[in-house]
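One structure is given below, encoded as structure tokens.
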Amino acid sequence: MQTQASAVVIGGGVMGTSIAYHLAAAGVRDVVLVERDELASGSTSKAAGGVRAQFSDELNIHLGARSLEAFGRFQEEIGYDIGLHRVGYLFLLSTPEEVASFEESVRLQNSLGVPSRMITPKEARKLSPLISIDGLLAAAYSPDDGHCTPEAVVHGYASAARALGVRILRHTEVTGIELHGSTITAVSTTLGRIATGTVICAAGPWSRAVGAMAGVELPVVPLRRQIAVTEPVKGLSADLPMTIDFTTSLYFHAEGPGLLLGMSDPGERPGFATDPHDRWIPALYAAMERRAPALLDLRRTGGWAGLYEITPDHNALIGEARSVSRFLYATGFSGHGFLQGPAVGEVVRDLCLGRVPFVDVSPLSADRFAADAPRPEANLV
């Protein structure tokens with residue numbers, strides 16, 4: 001058991017492993033990452049794997065685009081094949097309000113170097129032949145987006161972090177954070193005490209409890225989301241984009257010879273339950289019938305449930321607590337955390353080292369809610 005660390009990272013998903021790797025690569029020694037279960041066993045392993053820069057918030061565009069660059073060179077730099085498929089993201093828009101909102105988003109994205117564009121329903125159907133264009137007004141598409149394998153990203157970062165000296169403690173639960181006045185002095189775990197002056201919370205849906213150990217309010221609520229996988233689809237194109245019906249949130253992309261698909265469930269209530277159920281299936285089928293009736297003929301062969309980490313404005317919490325020294329956090333991504341993992345690792349590294357990050361994330365501070373300054377993200381699934 002390592003009893004002293006320059007920084008303790010809590011959480012072994014994409015955020016925690018990315019942060020640990022980036023700290024170690026910057027020369028920080030004695031970094032310890034603590035994970036209560038297996039690496040990637042929480043929200044990361046349950047993610048759909050989408051990667052994109054098509055957001056409505058300028059900060060999210062920067063974080064998404066920076067991460068896309070990192071995913072593109074991941075195999076070369078980290079040495080892991082993450083199954084990256086740059087097939088694009090296709091948002092299907094059915095109301096004038098959606099079209100106007102995405103037109104504004106595309107203008108912002110283009111100004112920041114993202115090659116997204118508005119396209120016609122017929123162009124959308126050509127890209128994603130399984131859809132119906134009845135009632136479709138337009139679509140937004142970016143060819144740089146796509147999807148990859150979340151677990152591979154985590155294990156790649158973890159392997160590279162270990163090679164740089166990071167100690168990773170699996171099956172180890174954080175039981176408390178010790179303070180002397182307002183200064184952190186140690187982290188208590190089921191393996192023992194780790195003396196440290198810096199804690200970085202990347203605990204996803206469990207972040208509220210971790211923050212409370214240090215007296216820091218992190219308004220994160222867990223919410224179950226489900227994914228289904230289908231039997232092989234005859235003639236499925238390898239270039240099928242991640243396709244999203246924005247009105248219903250139905251989405252799908254190729255997963256091997258079949259499809260991975262999902263959508264939000266308005267009837268779901270906050271909680272930590274991750275057991276799959278079929279209560280969402282009628283709404284899922286209704287969305288398919290409306291926008292992708294070809295999917296109704298496919299047999300479900302598997303699926304799973306995982307947790308989103310929701311904040312009041314459905315945007316991330318990234319920053320350092322003012323009330324405690326030193327407690328940093330990267331959590332509350334509300335469904336777009338995996339795709340921002342590489343960039344957020346860079347940002348938190350810089351915040352930890354007193355550097356200026358490549359983008360100013362101060363508007364994503366957890367303090368924004370007390371200051372009545374929410375930072376809403378509109379392009380959510």
Item to check | Contacts of type salt bridge (Lys or Arg N to Asp or Glu O under 4.0 Å), residue R107, not counting sequence neighbours | outcome: none
Item to check | Any side-chain heavy-atom pair of R224 and D275 under 4.5 Å | outcome: yes
Next on the checklist: Is there a continuous path of hydrophobic side-chain contacts, each under 4.5 Å between heavy atoms, that joins L298 to W304?
Outcome noted: no
Checklist outcome for this item: So CZ of R52 and CZ of F91: to nearest 0.5 Å the spacing works out to 4.0 Å
Checklist entry - Got a second to check how far R299's CZ is from T230's OG1, nearest 0.5 Å? => result 9.0 Å
Next on the checklist: Could you work out, with salt bridge (Lys or Arg N to Asp or Glu O under 4.0 Å) as the rule, every residue matching E289, not counting sequence neighbours?
Outcome noted: none
Checklist entry - For D278, which residues count as a side-chain contact (heavy atoms from CB on, under 4.5 Å) partner, sequence neighbours excluded? => result I281, R300
Item to check | Min side-chain heavy-atom separation L240-S128 under 4.5 Å | outcome: yes
Next on the checklist: Classify the ring geometry of F333 against H336: parallel below 30°, tilted from 30° to 60°, perpendicular beyond 60°.
Outcome noted: perpendicular
Item to check | Cluster link Y308 to I227, ILVMFWY, side chain under 4.5 Å | outcome: no
Next on the checklist: Could you check whether F71 and F338 have their ring centres less than 6.0 Å apart?
Outcome noted: yes
Item to check | Non-hydrogen side-chain atoms of R279 and Q226 separated by less than 4.5 Å | outcome: no
Next on the checklist: Side chains of S41 and E35, heavy atoms from C-beta outward: is any pair under 4.5 Å?
Outcome noted: yes
Checklist outcome for this item: By side-chain contact (heavy atoms from CB on, under 4.5 Å), S237 pairs with (sequence neighbours left out) D239
Item to check | Summary of side chain to side chain donor-acceptor pair (under 3.5 Å) pairs that have at least one residue in residues 140-160, sequence neighbours excluded | outcome: Q54-D145
Next on the checklist: What I'd like to find out is whether the side chain of T248 reaches to under 4.5 Å of the side chain of R291, using heavy atoms alone.
Outcome noted: no
Checklist entry - Quick one: do V87 and F74 end up in the same hydrophobic cluster if we chain Ile, Leu, Val, Met, Phe, Trp and Tyr together by side-chain heavy atoms under 4.5 Å apart? => result no
Item to check | Within-4.5 Å side-chain heavy-atom neighbours: L339 and S67 | outcome: no
Item to check | Side chain proximity check, L108 to S105, heavy atoms < 4.5 angstrom | outcome: no
Item to check | Check: L317 and R368 side chains under 4.5 Å, non-hydrogen atoms | outcome: yes
Item to check | Hydrophobic cluster membership, L250 vs F246, 4.5 Å side-chain cutoff | outcome: no
Next on the checklist: Checking E320 now: which residues fulfil salt bridge (Lys or Arg N to Asp or Glu O under 4.0 Å) with it, not counting sequence neighbours?
Outcome noted: R326
